[in-house]
Student: 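Pasting a structure below so you can have a look.
In what follows, chains carry the letters A, B, and so on, assigned in the order in which the sequence lines appear, proteins first and then strands, with residues in each chain numbered from 1.
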Number of protein chains: 2
Amino acid sequence: MGTEDRKEREKEQMRQLIIKTAMQLFIEKGMDNVSIRAIAEKIEYSPGSIYTYFKDKSEIIHAIHTEGFEKLYALQKTLDGVENPVDKLAQMGRLYMKFALENRDYYDLMFIAKGVAEKITEKQEWDVGNRSYDYLRETVKECIDQGYINDPNVDAVTFGIWGFVHGMAALIIRGRCAMMPEEFIEQTVSGSLSFMYTHLINN
Amino acid sequence: MGTEDRKEREKEQMRQLIIKTAMQLFIEKGMDNVSIRAIAEKIEYSPGSIYTYFKDKSEIIHAIHTEGFEKLYALQKTLDGVENPVDKLAQMGRLYMKFALENRDYYDLMFIAKGVAEKITEKQEWDVGNRSYDYLRETVKECIDQGYINDPNVDAVTFGIWGFVHGMAALIIRGRCAMMPEEFIEQTVSGSLSFMYTHLINN
DNA sequence: TTCAATTATTAAACAAGGTTCAATATATAA
DNA sequence: TTATATATTGAACCTTGTTTAATAATTGAA
């Protein structure tokens, strides 16, 4: 009796269609236009139907959220070949900022938006994010082990560095630097990254 | 003909009452419960009346926003007496984190929330915030001038430090560290502050 | 004081959003 | 074929911010 299998497959297809549509809207028109009604309209279903496939809106958002972390991790993985952990760390910092500023909606959803992290109840739901965090942490650990960073507290250093890049990104994305000219911001971010790089590392 | 004066005074009183009520709700029940309807109900007016005194909700939010910056600046001013700029900087960092974590709703509104900064169109509206930024910048400048920080780019250093503390605060407030135990976060933040302090300064 | 003009206030409505639900249509299993 | 289960819909509910027409109150002048 393969009927159940097929139905499950069809249901999964529908789920994917909804997610795909949500992502399209997300990329094209930003988070604010990913409304249940907008998704429904685009797939020519009624808003209520969405609820046959998802418990609530946050379940759909979560999929976009996860996609964002996939993108970020894929970028981080391009640094796999970098031998020197200090170089790797420096490049990771610039790569992170670049990702944040070139994918502002994704970044916002992943690290800033309200009501996203709050919905995560299952431990394993943090995995996609932790993977990226651990990638940074490992690099920091190598820097410490090889004597490039002079502090035994891996977590403090890692969190500090994350905070540093996230902070700049978040301030820019949420318009808290709007009083500064665009080019000035760019230069300043670049200068900050250099400053940190120069001072946190022993040569 | 003092009538117009009185009317203006009464109107101003009403504005203050609305703002006061909004702040009460804000502090008691958080940002999400500062709805026009909630404010109106508390002062026993109809929701529509609010619009005689404020163009829209963002004008009311802006008042709370400004109050937050007043609070922060008042805290910063307690450091006026600290002679050594390095000490001042270190203390300012801890004070900033303390403010952020003990006044999460205020901090959120001031530095994270969407749709707040976006509404600021007039240059002078940034003044309350810039004052705090300049206070940090001045301290950083002193550190550089006195040879404690080895980087001529005042803005890059200032923005970097701001980003660093803001980043940690924002990650915590917006629940991006929810996978870590509370005490661990506290220790880590403290460790990060120490790490930065130790490494960014020449002794 | 009276009355026209202004101003303040309200209730109701609108628009958008998430979500629920009874009714309908469709598909499945026996 | 028929009873059961599932999918879908449209309308409704609820909660926002905001607008508006109607009403009430106040004011300035005659």
Student: Does any pair with a residue in residues 179-188 of chain B pass side-chain hydrogen bond (donor to acceptor under 3.5 Å, both in side chains), and if so which ones, sequence neighbours excluded?
Tutor: none

Student: What pairs of donor and acceptor atoms, side-chain ones from residues 159-168 of chain B against any protein atom, are under 3.5 angstrom apart with sequence neighbours left out?
Tutor:
from: B/W162; atom 1: NE1; to: B/Y96; atom 2: OH; distance (Å): 3.1
from: B/H166; atom 1: ND1; to: B/Y107; atom 2: OH; distance (Å): 2.7

Student: To the nearest angstrom, how far is A/L17 atom CG from D/dA7 atom P?
Tutor: 15 Å

Student: What's the CD-P distance between B/E41 and C/dA11, to the nearest Å?
Tutor: 13 Å

Student: Each nucleotide in nucleotides 12-24 of chain D should get exactly one letter: B, S or -. Can you fill that in based on protein heavy atoms under 4.0 Å?
Tutor: B---BBBB-----

Student: Between D/dA7 atom P and A/F54 atom CZ, what is the distance in whole Å?
Tutor: 14 Å

Student: In chain order, what residues pass the side chain to side chain donor-acceptor pair (under 3.5 Å) check against A/N103, with sequence neighbours excluded?
Tutor: none

Student: Whole Å only: how far is the CD atom of B/E44 from the C1' atom of C/dA11?
Tutor: 17 Å

Student: Looking at CG of B/L101 and CZ of B/F99, how far apart are the two atoms once the value is rounded to the nearest 0.5 Å?
Tutor: 10.5 Å

Student: Identify every side-chain donor-acceptor pair in residues 30-41 of chain B under 3.5 Å, counting partners at least two apart or on other chains, and give the distances.
Tutor:
from: B/S35; atom 1: OG; to: B/A38; atom 2: N; distance (Å): 3.0

Student: Does A/S46 place a side-chain N or O at less than 4.0 Å from the phosphate oxygens OP1/OP2 of D/dT9?
Tutor: yes

Student: With sequence neighbours left out, what residues match A/Y106 under ring pair (Phe, Tyr, Trp, His ring centres under 6.0 Å)?
Tutor: A/F26

Student: By the 4.0 Å heavy-atom rule, please label A/Y53 as base, sugar-phosphate, or nothing.
Tutor: sugar-phosphate

